[in-house]
There are 2 protein chains.
Amino acid sequence: MSTHDFDLADYAEGSEAESERALRVLRAQILTGSREPGSKLVERETAVELGISRIPIREAIKQLAAEGLVVQQPRMPAVVRQFTSRDVAELNEVRAVVERQAFLLAARRWEPEGLQELEAVLNRQAMAAEHGDNVDAQLASADFHEAVVYLAGNDLLMEMYGTISSRLRWLMTRRTYSPDVTNEHRKLFDAIAARDLELLERLATVHLKWKPEVLEPTEDF
Amino acid sequence: MSTHDFDLADYAEGSEAESERALRVLRAQILTGSREPGSKLVERETAVELGISRIPIREAIKQLAAEGLVVQQPRMPAVVRQFTSRDVAELNEVRAVVERQAFLLAARRWEPEGLQELEAVLNRQAMAAEHGDNVDAQLASADFHEAVVYLAGNDLLMEMYGTISSRLRWLMTRRTYSPDVTNEHRKLFDAIAARDLELLERLATVHLKWKPEVLEPTEDF
DNA sequence: GACATGTCCAGAGTATGCAGTATCCGGGGC
DNA sequence: GCCCCGGATACTGCATACTCTGGACATGTC
């Protein structure tokens, strides 16, 4: 498995189903912002745009809703999601819980090949950061976290991470890349490789910046 | 919101869409075991059974797949999932991580009405246990855990819990109810009510029986 | 001018038909 | 007797046509 591939749920690599293609296209459009938050996603229109029928579009939209990228109401067109500050806070909280555990499990369970993959991702991130390539660095950074979850060796945990992964990437691509991240990832990697759980716990807590804060309601983000 | 209702994703209570009904029926059949693990779920047949067309059935099956109750392969009929011992181990691990955090957050954030709801669920569980009603006790026990997650006040956490909730219930209904559970839940409730985080942490660790164990591969469960 | 009611329309929900693909089974060659 | 291959079968994936609902707008009424 290639952990650095974003598409978590691709089974067939050769011939791609129409619904899969629709999903990829729409997700990319939302993540890059070419479909703006709040804009409607009308089945018929989208079907015409992509040159296929409504059924695959329906499936894709359903999946996007599951990923939290669009919101669906009965008998109404799906709407590209507006994230509120509360949404972001909730996302960070959940993310911290899942990833923190992933770090610890990864340190216990890693096997050589997986660790190598992780290191490769880390190097890719470092390279991108050196070249000042904000977008690629952010992508590689997200890949790093995803690779850690993969390394934790729990498929269900990975599956759950997949459901928030899109949202995390949506957030990340809207932030500037901080060079500190590279260093922190390097330290985290070393701690995982050394299976040093105490150190890792401290590092992870800092890196995930987690504290149980008050969740304020709903400003638009 | 009624946290003790199983159906996490019901928006319309009055008129129910066909796909919703199909989902409810099929899920119930799987959870009760009247559809056996390994048995096929053929779109056409199921459509005839429920007296509707294939499209709503498709949607329902997709949702069941998302809940982990059936497995889908492209161009093949969906199959009611066989859980392996590894699946169960993974489920317990993830569940422990999520719920542990939920307990702590619930203790920090509960508000009177939510706490009352939780107590009501607890009482319902105690009643069922006293009457020796295994099934109802298990249901109420699952409701208790779900109510705690709800009390944690993080919608995203609740959403993620929802994705494993069906699987947990599948497991629970296949176990005999241990009377200890009632007592442990009572203690957990008291600790939440008292916002005693240290005590709660100890209790939760015991109750969720979590230790990072080796995940062995794949025996049928 | 505010509110009720009727009409129209946009768009999701559903039904059905068709095409393509994976599996199964039987026959022929080795 | 075993393996390979081809056809039949079973089923999903996709397309198209139809139905139903909720909302907007206009018209009428108080």
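Hydrogens, waters and symmetry mates are skipped; everything else that's a heavy atom, side chains included, is used. So you know, we letter chains A, B, ... as the sequences are listed, proteins then strands, and number each from 1.
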*In terms of side-chain heavy atoms, does B/Glu146 have a donor or acceptor partner in B/Ser165 at a distance below 3.5 Å?*
yes

*B/Glu59 CD - C/dA15 P separation (whole Å)*: 11 Å

*Considering just the side-chain nitrogens and oxygens of B/Lys40, establish if one lies under 4.0 Å of OP1 or OP2 belonging to D/dC11.*
yes

*asked:* Give the residues of residues 50-58 of chain A touching DNA chain D, defined as any heavy atom closer than 4.0 Å, sorted by residue number.
replied: A/Ile52, A/Ser53, A/Arg54, A/Ile55, A/Pro56

Check the interface with nucleotides 21-25 of chain C: list each N/O to N/O pair with the protein under 3.5 Å, or write none.
none

_Partners passing side-chain hydrogen bond (donor to acceptor under 3.5 Å, both in side chains) against B/Glu43 (at least two apart in sequence or in another chain)_ = B/Arg54, B/Arg58

*Nearest-angstrom distance from the residue atom CZ of A/Arg21 to P of D/dC14*: 10 Å

*Under the side-chain contact (heavy atoms from CB on, under 4.5 Å) test, which residues partner B/Arg35, sequence neighbours left out?*
B/Leu26, B/Gln29, B/Ile30, B/Ser39, B/Leu41, B/Thr46, B/Glu49, B/Val80

*What residues form a side-chain contact (heavy atoms from CB on, under 4.5 Å) with B/Ala142, not counting sequence neighbours?*
B/Arg169

*Using heavy atoms and a sub-4.0 Å distance, could you list which residues of residues 42-49 of chain A are near DNA chain C? By number, please.*
A/Val42, A/Glu43, A/Arg44

*Name all residues meeting the side-chain hydrogen bond (donor to acceptor under 3.5 Å, both in side chains) criterion together with B/Arg167; count only those two or more places apart in sequence or in a different chain, and write none if there are none.*
A/Glu159

*Excluding sequence neighbours, so at least two apart, what forms ring-ring contact (aromatic ring centres under 6.0 Å, His included) with B/Phe144?*
B/His185

*Over how many whole Å does the gap from A/Glu20 atom CD to D/dC14 atom C1' extend?*
14 Å

*Hey, are B/Asp143 and B/Arg124 close enough for a salt bridge, meaning a charged N less than 4.0 Å from a carboxylate O?*
yes

*Atom-to-atom span, CD of B/Gln73 to C1' of D/dT12 - whole angstrom*: 13 Å

*What pairs with B/Ala66 under side-chain contact (heavy atoms from CB on, under 4.5 Å), at least two apart in sequence or on another chain?*
none

*Set of salt bridge (Lys or Arg N to Asp or Glu O under 4.0 Å) partners for B/Glu18, sequence neighbours left out*: B/Arg21

*Quick one: side-chain contact (heavy atoms from CB on, under 4.5 Å) partners of B/Ser178, sequence neighbours excluded?*
B/Asp180, B/Val181

*Taking only residues two or more places apart in sequence or in another chain, which ones pass side-chain hydrogen bond (donor to acceptor under 3.5 Å, both in side chains) with A/Arg95?*
A/Glu99

